[in-house]
Amino acid sequence: MSFELVGPAADVAKGSVITTELDGVDIAVVHADDDQFYAVRDECSHAAVALSEGEVDGCTLECWLHGSRFDLRTGEPSGLPATEPVATFPVEIRDGDIYVSTTPSNGVMP
């Protein structure tokens with residue numbers, strides 16, 4: 001499994017989201033309320049809009065358009081209108097930098 005450098009962890013405040021592109025896939029990197037970093041495909045499985053523009057709440061990311069929330073750990077939606085999960089990607093913090101794997105961890109292809 002290969003990991004790509006995204007940037008310094010200190011640049012991502014708790015409760016915020018940054019975006020990056022890895023292997024042609026838009027990824028939302030989230031510094032969640034549990035102080036962990038998560039990475040999900042930056043596209044709602046329902047409406048194909050950027051999840052990175054939504055709100056972080058606990059370990060979920062809310063789609064700004066219709067309000068579906070996605071669990072950052074599993075990619076699963078916790079409410080309608082979304083019914084399909086989004087791809088999640090492993091994240092590692094090394095020497096203060098965020099690295100994200102290009103291989104989904106939940107089996108959902110981006």
Side-chain angles (χ1 to χ4, degrees):
M1 180 180 314
S2 81
F3 283 78
E4 301 287 329
L5 174 63
V6 173
D11 288 356
V12 187
K14 189 186 289 190
S16 69
V17 184
I18 61 166
T19 60
T20 189
E21 183 182 316
L22 300 177
D23 286 349
V25 177
D26 291 327
I27 307 288
V29 179
V30 181
H31 188 176
D33 292 340
D34 67 356
D35 213 25
Q36 299 297 309
F37 287 84
Y38 299 94
V40 298
R41 169 100 191 257
D42 191 16
E43 183 177 277
C44 179
S45 62
H46 168 255
V49 298
L51 287 175
S52 58
E53 296 177 19
E55 294 291 320
V56 177
D57 183 19
C59 285
T60 65
L61 184 56
E62 181 179 12
C63 178
W64 62 270
L65 187 59
H66 295 119
S68 288
R69 291 179 184 271
F70 294 89
D71 188 310
L72 294 167
R73 299 162 292 195
T74 65
E76 292 291 330
S78 59
L80 296 175
T83 59
E84 297 295 318
V86 294
T88 59
F89 301 87
V91 177
E92 292 182 358
I93 305 299
R94 301 181 198 155
D95 297 323
D97 289 325
I98 303 167
Y99 288 82
V100 175
S101 171
T102 56
T103 304
S105 57
N106 64 346
V108 175
M109 294 313 295

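All of these numbers come straight from a predicted model, not from anything done at the bench.
- Counting heavy atoms of neighbouring residues, nucleotides and ligands inside a 6.0 Å radius, atom CG of Asp95 does not exceed 12 of them.
- Counting all heavy atoms, side chain and backbone alike, Val17 lies closest to Ala28 at CG1-CB, 3.8 Å.
- Closest of all the heavy-atom pairs between Pro85 and Ser45 is O-CB, 3.9 Å.
- Remark: side-chain polar atoms of Asp71 are not paired, donor with acceptor, to backbone N or O of Glu76 under 3.5 angstrom.
- Note that CD of Glu62 and SG of Cys44 are 10.5 Å apart. Values are rounded to the nearest 0.5 Å.
- Atom-to-atom distance recorded for Lys14:NZ and Asp34:CG is 8.0 Å, nearest 0.5 angstrom.
- Rounding to the nearest 0.5 angstrom, the gap separating the CZ atom in Arg94 from the CG atom in Leu5 is 9.0 Å.
- In this structure, CG in Leu22 is found 7.0 Å from OG1 in Thr102, a value given to the nearest 0.5 Å.
- Between Ser101 and Phe3, the shortest heavy-atom distance links the atoms N-CD2, 3.3 Å.
- Note that CG of Leu51 and CG of Asp26 are 11.0 Å apart. Values are rounded to the nearest 0.5 Å.
- Counting heavy atoms of neighbouring residues, nucleotides and ligands inside a 6.0 Å radius, atom CD of Glu55 does not exceed 12 of them.
- Ala82 approaches Phe70 most closely through the heavy-atom pair CB-CZ, 3.6 Å.
- Contact between Thr60 and Asp57 at its shortest, heavy atoms only, is OG1-O, 2.7 Å.
- Cluster membership for Val86 and Val108, using ILVMFWY side-chain heavy atoms within less than 4.5 angstrom, is not shared.
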* Test Leu61 against Leu72 for side-chain contact (heavy atoms from CB on, under 4.5 Å), laying out the working first. => CA-CA 7 Å; Leu61 184 56; Leu72 294 167; 3.8 Å; yes
* **side-chain contact (heavy atoms from CB on, under 4.5 Å) between Ile98 and Val91, intermediate numbers included** => CA-CA 7 Å; Ile98 303 167; Val91 177; 3.9 Å; yes
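- Residue Pro90 comes nearest to Thr103 through the heavy atom pair CD-O, 3.2 Å, listed as atom of the first residue, atom of the second, then distance.
- The distance from atom CG of Asp23 to atom CZ of Phe89, rounded to the nearest 0.5 Å, is 9.5 Å.
- The cluster map of Ile, Leu, Val, Met, Phe, Trp and Tyr, joined by side-chain heavy atoms under 4.5 Å apart, puts Trp64 and Val30 in different clusters.
- His46 and His66 have perpendicular rings, their planes meeting at more than 60° on a 0 to 90° scale where under 30° would count as parallel.
- At a threshold of 4.5 Å between side-chain heavy atoms, the hydrophobic network of Ile, Leu, Val, Met, Phe, Trp and Tyr places Val40 and Val56 in one connected group.
- Between Val25 and Arg41, some side-chain heavy-atom pair lies under the 4.5 Å cut-off.
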* Would you sort out whether Arg73 and Thr88 count as a side-chain contact (heavy atoms from CB on, under 4.5 Å), showing the intermediate values? => CA-CA 7 Å; Arg73 299 162 292 195; Thr88 59; over 6 Å; no
* To do: Could you go through the side-chain contact (heavy atoms from CB on, under 4.5 Å) check for Val100 and Val29 one step at a time?
  => CA-CA 8 Å; Val100 175; Val29 179; 4.1 Å; yes
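- No continuous path of hydrophobic side-chain contacts links Ile27 to Val49 [ILVMFWY only; heavy atoms under 4.5 Å].
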